[in-house]
Protein chains: 2
Amino acid sequence: MIFFQLKLRKTWERFQLHLPQFKTYSIKELSIFKNTVKFAKVELAFFAVPTDNFYSKKLTMRHQTTIKDIAKELHISKSTVSRVLTGNPNVNEETRKAVLALAQKLDYQKNIFARNLVTHKTNTIGIIVPEFMSSYFPKVIIGVQNIASKAGYNTIIAQSNENYETEVANAKVMMANQVEGLIVSVTKETNNFDHLIAFQRKEIPIVFFNRICEDMHVPKVVVDDYDGAFRAVEHLIVTGKKRIAHLAGPDNLSISRRRLNGYLAALRKYKIPVDEEIIIPYDLKIDKVKTLIQQLFNLKCPPDALFAINDPTAIEAIQVIKSMGIKIPEDIAIVGFSNDEVSGLIEPSLTTISQPVQKIGETAADLIFKLINKEINPNSAIIKTLTTELIIRHSTVR
Amino acid sequence: MIFFQLKLRKTWERFQLHLPQFKTYSIKELSIFKNTVKFAKVELAFFAVPTDNFYSKKLTMRHQTTIKDIAKELHISKSTVSRVLTGNPNVNEETRKAVLALAQKLDYQKNIFARNLVTHKTNTIGIIVPEFMSSYFPKVIIGVQNIASKAGYNTIIAQSNENYETEVANAKVMMANQVEGLIVSVTKETNNFDHLIAFQRKEIPIVFFNRICEDMHVPKVVVDDYDGAFRAVEHLIVTGKKRIAHLAGPDNLSISRRRLNGYLAALRKYKIPVDEEIIIPYDLKIDKVKTLIQQLFNLKCPPDALFAINDPTAIEAIQVIKSMGIKIPEDIAIVGFSNDEVSGLIEPSLTTISQPVQKIGETAADLIFKLINKEINPNSAIIKTLTTELIIRHSTVR
DNA sequence: CTGTTAGCGCTTTCAC
DNA sequence: GTGAAAGCGCTAACAG
C-alpha cells in the first residue's frame with residue numbers, strides 16, 4: 001500500500017493505492033481516477049512515490065513549462081507571451097523583460113512540434129548520403145552543418161548504406177519530418193528517382209552532390225571529374241606510361257561517365273589508341289578488384305598504368321598488385337581519385353586527385369538556402385563545379 | 001497585371017492582381033484576400049502563375065492530405081479514420097479497407113508533429129558522437145540504426161566535432177526534438193555534464209558508450225579496455241620487448257585510465273619496472289605526436305616498444321618513426337588500439353586491438369529500448385563490457 | 001463499431 | 001500594446 005499525492009490541474013490531491021511496483025503507471029492502470037477525477041487525462045505524467053508521512057512529500061513531476069504557465073504566472077495572455085518569444089516588436093518593454101526572465105527561470109523550452117504544426121516551418125534540412133565509412137561523406141556533412149547552423153537550421157542526417165530501399169525509406173523520414181530542403185547523394189543502385197521527385201512535386205528544394213541524378217532539373221554540386229580524370233591520366237602519360245587501364249564505375253552514375261570521358265580525352269590528346277580491353281567495367285564492390293586486376297595482368301599485353309575510379313579501389317589494387325610481386329610504379333603506376341585519408345599512408349603512397357570535400361557540403365547547403373529563400377529558381381539546374389587538384393605521390397613516381 | 005486562379009478550401013476562385021514579381025507571395029502581401037475571403041489564413045501555399053487565358057491554368061498547390069480529407073470523402077468521422085491509421089481493432093473491416101485505399105490513393109502522410117503533440121511520443125532516439133572522421137563512430141551509428149529501425153524508431157544523429165559547446169547545443173536539439181532516449185559518447189573536452197544530467201532529470205534514458213561519464217548513474221557500453229591494453233602490452237613483452245612506452249590519453253576520459261591500467265598490469269605481471277618517463281601524457285591531438293616521439297628517442301634510454309592509446313596515434317607514430325629512419329619492429333615495435341580501417345593497409349601494418357564496433361552500437365540501442373520500455377531500472381548503472389581481440393601484424397613481428 | 005468532444009502547445013488574426 | 005478566439009492535424013475518452 002502506497003500513499004501519495006498527485007497534482008491534478010491546479011491542486012494537490014491525496015490518494016491511497018495499492019501499487020504492486022515502484023514504476024511509472026499509465027492512467028489506465030490507475031483505475032482510481034475514473035472514480036475520482038473528471039478528466040482522467042491528467043496533464044502531468046507522474047510517479048508514485050512512497051512516503052512515510054502522508055503529507056510529507058511532493059511528487060516528482062515532469063511538466064514542460066508552456067507559454068500558458070508563463071502567461072498565468074504573469075497575469076497576461078498567451079498571445080503576449082508568444083509575441084515576446086517570437087520576437088514580435090509590439091510588446092511593452094517591461095512585459096517583454098518579465099516574460100523573458102520567467103521563461104529563463106522556469107527553463108522554458110519551446111515545443112517545436114506545436115510550432116511546426118501551426119507555422120508549417122520546421123527549420124530543418126535533411127541530408128542523405130550512401131555511406132559514411134570513408135571520410136568523404138562525413139566531411140561533406142560537416143560542411144553542410146556549418147552553413148545550416150549559421151542559418152539557424154538543424155540538419156537531419158541519414159545514410160542509406162548503399163541500399164536503394166533504405167534510401168527510399170530515408171526519403172520518407174525526411175518527408176515526414178517536413179524538411180525544408182534536401183541534400184542528396186544517391187546510392188550506386190539508385191536508378192529510380194520517384195522518391196526524390198516527390199520532393200520536387202511538393203516544391204521542397206533538392207540539391208544533389210557527388211552522385212547526382214542528371215535527369216532531375218535541380219541544382220547540383222560536383223567536382224570537375226572530367227578535368228580531374230584528364231589530369232590524372234595526363235600525369236601518367238607524361239611520366240612515360242603508354243598503356244593505361246581504367247577501372248570504370250557503373251554507367252548509371254554520371255560521375256563514372258565523366259571520369260571515363262576525362263580518361264578518354266587525355267588519351268586522345270596524346271594520340272594514345274583507346275583499347276576497350278583495358279577499360280574494365282566495375283560495380284564499386286571492393287572485393288571484385290582482385291579478380292579484375294588479375295584479369296588485366298593475364299592479357300597478352302598488360303597495362304603499365306592504372307587509373308582507378310576512386311581511392312578505395314586504387315588502394316585495394318595496390319594491395320593486390322603488391323601481393324602478386326609486381327612493382328609499383330615501375331611495372332605499373334596507379335592513380336586514384338578523391339585523396340582519402342589512407343592514400344598518403346599506404347606503401348607506396350597513392351597519387352590521386354583531391355577534392356574540396358567540406359566546400360562541397362557548404363556549397364550544397366548554400367544552394368539549399370538560396371532555394372528555400374527563393375533567391376534562385378528551383379527549376380534552374382545550376383551545376384556548381386568545384387575544382388580538383390592532382391596530388392603526386394609514389395604510386396606513380398619514385 | 002497577372003491573372004490567376006486560386007483554390008480556397010474546396011473551390012477554384014479567380015483573381016486578378018498586379019504582382020510586381022514572379023515569386024511566392026505571403027498572405028500578407030496579397031491584401032486582396034482581406035476583401036474577398038473570409039478566412040485570410042488559406043490552408044494552401046500558392047504560386048501566382050501568369051496565364052494568357054484567364055481560365056487556362058490551374059495553379060500548383062501543395063496540400064498534404066489529412067485525416068479530415070479522408071473522413072469527408074468517405075462520409076465518416078475523423079476518429080474512425082484515426083482508428084484505422086493507428087491500428088485500433090475496433091473498426092469495421094469494410095471501413096478499414098476503404099480508408100486504407102483512399103489514404104493510399106491520396107498519398108496520405110501522417111503529420112508526425114500533430115501526433116507527437118498529442119501523444120507525447122516521438123518514436124525518435126538520438127545519438128551524439130564526438131566525430132565521424134574515423135570509421136569507429138559511423139559503424140556504431142549503423143549498429144544503433146539497425147536496432148532502432150527494427151523497433152520502428154528514427155535516429156537523430158549529431159556530431160560535436162570534439163567541441164564541448166557543440167555538444168551542449170546538440171543536446172539542446174535532442175531535447176527540443178523530444179528524443180525518447182539518448183546515446184552519447186562525449187568529446188575529449190567534456191568535463192561538465194549538466195547538459196546530459198538535464199535528460200536524467202526529465203527521465204529521458206541515457207546510455208553512454210566509449211567515452212563515458214563515470215559519475216553519472218546510467219547504463220554504459222564499453223569494451224574491455226583494460227584487458228585489451230593488457231594483452232597488447234603482454235604481446236610486446238612476449239615478443240621480447242623490455243622497455244615499453246605508452247602514449248596515454250587525457251585523464252578525464254575513463255577509457256584512457258583503463259588502458260593505462262591494463263598497460264601497468266601487464267608490466268607488473270612480467271616484473272618489468274614502471275618508468276614514468278616513458279608514460280607520455282597526450283591530449284589526442286594528432287599533430288603533437290611528432291614532438292612526443294622525438295622526445296622519447298632523445299631519452300638516454302629510449303624505448304624498444306610503444307603502446308599508443310589509439311590507432312590514429314599509432315599510425316602517426318609509425319610515419320614519424322619511419323621518417324626518422326628507425327626500423328619497425330626491430331628497433332621499436334608499435335601497438336595501437338581499435339583496428340581502424342587504415343591499420344591493415346599501412347606499411348608496416350599495425351598490430352592493434354580490435355573492438356566489435358557495430359555490436360557496441362547495437363548493445364547501446366538495446367539498452368536504450370530496455371530503458372524506454374522500463375524493462376530495466378534507469379538508475380541501475382549497468383556496464384556492458386564487450387570483449388576485444390588482439391590483431392597481430394607487422395609493426396610488432398616481422 | 002462509431003461520432004462527438006476536448007485538447008496537445010503554439011501562432012495569428014481580429015477587435016479593442 | 002493586448003486579449004479572445006480560432007485552428008494547425010491528430011489522438012483518445014466517453015457515450016451511445
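This one's a predicted model, so the numbers in the text were calculated from it and none came from an experiment. Chain letters run A, B, ... following the sequence lines, proteins first, then strands; residues in each count from 1. Hydrogens, waters and symmetry mates are skipped; everything else that's a heavy atom, side chains included, is used.
Computed from coordinates, the B/His120 NE2 to C/dC10 C1' distance equals 13 Å when rounded to whole Å. Atom C1' of nucleotide D/dG1 and atom NZ of A/Lys97 are separated by 16 Å, given to the nearest angstrom. Put simply, CG on B/Leu74 is 11 Å from P on C/dT2, counting in whole angstrom units. In this structure, CD1 of A/Ile67 is placed 12 Å from P of D/dG3, rounded to the nearest angstrom. One interatomic measurement links the two molecules: NZ of A/Lys68 to P of C/dT11, which rounds to 15 Å at whole-angstrom precision. The CZ-C1' distance, from A/Arg115 to D/dG7, rounds to 17 Å in whole Å. The CD1-C1' distance, from A/Ile112 to C/dT11, rounds to 15 Å in whole Å. What separates CG of B/Asn111 from C1' of D/dG7 is a distance of 13 Å, to the nearest Å.
When ring centroids are compared, B/His195 and B/Tyr164 come within the 6.0 Å threshold.
The stretch residues 75-92 of chain B touches DNA chain C through B/Ile76, B/Ser77, B/Ser79, B/Thr80, B/Arg83, B/Asn90, B/Val91, B/Asn92, each having a heavy atom within less than 4.0 Å of the strand.
Between the two ends of the helix from C/dC1-D/dG16 to C/dC16-D/dG1, each summarised by a five-pair axis, the helix axis turns through 40° (rounded to 10 degrees).
Between the side chains of A/Gln159 and B/Gln145, at least one donor N or O lies within less than 3.5 Å of an accepting N or O.
Between the side chain of A/Asn373 and the backbone N or O of A/Glu375 there is no donor-acceptor pair closer than 3.5 Å. Of the possible polar contacts, none joining the A/Gln178 side chain to the A/Thr122 backbone as a donor-acceptor pair under 3.5 Å is found.
Closest-nucleotide positions on DNA chain C for B/Leu117 and B/Thr95 were compared, and the one nearer the 5' end corresponds to B/Thr95.
Between A/Lys110 and C/dT11 there is a side-chain N or O to OP1 or OP2 distance below 4.0 Å.
Contact between A/Leu117 and B/Ala114 at its shortest, heavy atoms only, is CD1-CB, 3.7 Å. Closest approach of B/Phe113 to A/Ala176, counting heavy atoms only: CE1-O, 4.3 Å.
Counting only residues at least two apart or on different chains, no ring-ring contact (aromatic ring centres under 6.0 Å, His included) pair has a member in residues 67-109 of chain A.
Heavy atoms of other residues, nucleotides or ligands lying less than 6.0 angstrom from CD of A/Glu93 number more than 12. Surrounding NZ of B/Lys121 are more than 12 heavy atoms belonging to other residues, nucleotides or ligands, all under 6.0 Å away.
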